[in-house]
Participant: 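Before I ask anything, let me first share the structure, which is written out below as structure tokens.
The shown structure was predicted, so the numbers you read here are calculated from the model rather than taken from an experiment. The basis for the numbers below is simple: all heavy atoms, side chains too, and nothing from hydrogens, waters or symmetry mates.
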Amino acid sequence: MNETRVFVYYTGGTIGMLFDKEDGDWFVLPSKATADCPEQFIVKYQVEEVKKPIDSSKITPEHWEHFTNKILKKQTRYDGFVLLHGTDTLAYTSSALSFLLKDFKKPVVITGAQRSVFEPRSDAVENILGSLLIAGCYCETPALQLVSVLFDNMVFQGNRVTKIDCSAFHAFSSPNSLPLVELGVTIKVNAMSSSPVPSSSPSPCFSPYPPTSLCPLLCSLSLCDVSDVRVLRLFPGIKEEYVRSVLSGAGGVILETYGSGNAPDDKWFLEALKQANRHGVFLLNVTQVLQGSVMPIYQTSKGLREAGVLSGYDITSEAALTKMIWTLKKYTTQEQRKKALETSVCGEMTVTISPDPPLI
């Protein structure tokens, strides 16, 4: 049987460490654990732990950069990667890494647990074993050569996932995209192409580089000095002073709107957005609703478009934030940044490529 090698990186979180060997020792996944995989592999894996485990509520872009560099430095030695991470900000990390590693043609599976491996009824072991199985046995499956999240026997695309429950084992979901893999009595792979599996037709990916190029990866992409990115969540009765304070001096703002992308049409509100746009602030419209998409079908959304607000379609808030950070760092011109934000870079959103429907 062929042998595959997986690198496991423990960063912290509830999942805890269940490996008692020193860094650098090899483990072998039991053959029974991989018996129903399409191809039989001997999955060997090594484990490394950060010097000081990170509480996921303290995760910063510097950590995303560190995780990315760790993976890139080991890319020639391993066929797949597993990142053990706390659940609170796991969706932010999986979204960020999907952009930083968008041309990386190996599986990077991120997982965690709701209960520590040392507690009864823990979900940690099952999540770890499932992640090792995907990273090791499906490393040659193009559709899974991306950043993904495995939780409660489901594999989700990393930039489509959000945390939906604080206490249930089914803590994560991908509201606008089908799971890539469902691990039940049998293993059901929904994604059998290099494209993501949205609930509707997938949108084309945007990349200024050839698909096989690792140039953007190998050039250091530090996120530590990014332009100021902020989130402006609308709520009934929002005040002009508050809106202008969020917009002032920002590099990019995620505008979390109502329903299908609607917002007040007050003169002061639209003028504040226009002023920010004139000052070079990028504005990305994201719905507050868990499932659905920003669609310009109401009269109130017309003003947003005229103010220069870009549509995020069905992108999650986590992916929108990390995409904005990545875009402002990676690209230097306003035109490049606008194009990246309006396009599905690596399957993070389903772009509606059609004329605007009539306003109602």
Side-chain angles (χ1 to χ4, degrees), residues 4 6 8 33-34 36-39 41 43 71 79-85 87 90-113 123 126-164 169-205 211 290-291 313-316 318-319 322-323 344-351:
T4 59
V6 177
V8 180
T34 62
D36 56 351
C37 293
E39 294 185 43
F41 290 104
V43 180
I71 291 169
D79 303 293
F81 298 83
V82 172
L83 192 71
L84 306 181
H85 194 288
T87 62
L90 188 150
Y92 288 95
T93 294
S94 64
S95 294
L97 264 59
S98 75
F99 297 110
L100 291 168
L101 296 169
K102 76 182 187 68
D103 293 314
F104 190 67
K105 301 303 180 185
K106 293 185 178 183
V108 178
V109 186
I110 305 178
T111 194
D123 55 334
E126 190 169 7
N127 287 344
I128 293 172
L129 288 176
S131 298
L132 287 168
L133 185 148
I134 296 298
C137 293
Y138 290 86
C139 58
E140 297 178 359
T141 303
L144 299 178
Q145 293 174 340
L146 43 61
V147 177
S148 63
V149 171
L150 185 145
F151 226 89
D152 193 31
N153 293 311
M154 295 284 188
V155 180
F156 303 104
Q157 186 168 315
N159 52 29
R160 289 280 195 161
V161 76
T162 190
K163 188 173 182 180
I164 60 169
F169 288 146
H170 187 67
F172 289 87
S173 181
S174 182
N176 294 306
S177 182
L178 297 174
L180 298 175
V181 183
E182 299 173 55
L183 292 87
V185 175
T186 60
I187 299 174
K188 180 183 178 183
V189 180
N190 296 319
M192 291 307 295
S193 69
S194 57
S195 301
V197 187
S199 299
S200 57
S201 299
S203 49
C205 283
L290 180 64
Q291 188 169 15
Y313 299 95
D314 60 354
I315 195 170
T316 65
E318 295 93 337
T322 54
K323 182 179 182 179
S344 182
V345 175
C346 48
E348 71 280 2
M349 63 186 188
T350 307
V351 176

Participant: Does Ser344 reach the main-chain N or O of Met349 with its side chain, forming a donor-acceptor pair under 3.5 Å?
Facilitator: yes

Participant: Thr34: which residues meet the side chain to side chain donor-acceptor pair (under 3.5 Å) condition with it, sequence neighbours left out?
Facilitator: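 Not a single residue meets the side chain to side chain donor-acceptor pair (under 3.5 Å) criterion with Thr34.
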
Participant: Suppose we screen for side chain to side chain contact (heavy atoms under 4.5 Å, CB included). Which residues come up paired with Ile164, at least two apart in sequence or across chains?
Facilitator: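 Counting only residues at least two positions away or on another chain, Ile164 forms a side chain to side chain contact (heavy atoms under 4.5 Å, CB included) with Thr162, His170, Ser173, Leu290.
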
Participant: Could you list the donor-acceptor pairs under 3.5 angstrom formed by side chains in residues 127-136, with sequence neighbours left out?
Facilitator:
unit_1, atom_1, unit_2, atom_2, d
Asn127, OD1, Asp152, N, 3.2
Asn127, ND2, Gly112, O, 2.9
Asn127, ND2, Asp123, O, 3.3
Ser131, OG, Asn127, O, 2.8

Participant: How long is the straight-line distance from CG of Asp314 back to OG of Ser177, given to the nearest 0.5 Å?
Facilitator: 8.5 Å

Participant: Do you know which two heavy atoms are closest between Gly158 and Val149, and how far apart they sit?
Facilitator: CA-CG2, 4.2 Å

Participant: Could you work out, with ring-ring contact (aromatic ring centres under 6.0 Å, His included) as the rule, every residue matching Tyr92, not counting sequence neighbours?
Facilitator: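 If we apply the ring-ring contact (aromatic ring centres under 6.0 Å, His included) test to Tyr92, skipping adjacent residues, there are no hits.
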
Participant: So, using side chain to side chain donor-acceptor pair (under 3.5 Å) as the criterion, who are the partners of Asp79 when residues are at least two apart?
Facilitator: none

Participant: Could I get the full list of side chain to side chain contact (heavy atoms under 4.5 Å, CB included) partners for Glu182, not counting sequence neighbours?
Facilitator: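 Result, side chain to side chain contact (heavy atoms under 4.5 Å, CB included) vs Glu182: Met154, Pro179, Lys188, Asn190.
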
Participant: Can you list the residues that meet the side chain to side chain donor-acceptor pair (under 3.5 Å) rule with Thr322, with sequence neighbours excluded?
Facilitator: none

Participant: My understanding is that only residues two or more places apart in sequence, or in another chain, count here; which of them pass side chain to side chain contact (heavy atoms under 4.5 Å, CB included) with Ser98?
Facilitator: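 Only Val147, Asn159, Cys346 meet the side chain to side chain contact (heavy atoms under 4.5 Å, CB included) criterion with Ser98.
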
Participant: Which residues pass the side chain to side chain contact (heavy atoms under 4.5 Å, CB included) test with Gln145, not counting sequence neighbours?
Facilitator: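 Listed in chain order: Lys105, Pro107, Pro142.
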
Participant: Does Lys106 have any salt bridge (charged side-chain N to carboxylate O under 4.0 Å, His left out) partners at least two apart in sequence or in another chain, and if so, which?
Facilitator: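 Lys106 satisfies salt bridge (charged side-chain N to carboxylate O under 4.0 Å, His left out) with no residue once adjacent residues are dropped.
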
Participant: Applying ring-ring contact (aromatic ring centres under 6.0 Å, His included), name anything that partners Phe172, two or more places apart in sequence or on another chain.
Facilitator: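 For Phe172, the residues satisfying ring-ring contact (aromatic ring centres under 6.0 Å, His included) (neighbours in sequence not counted) are Phe151.
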
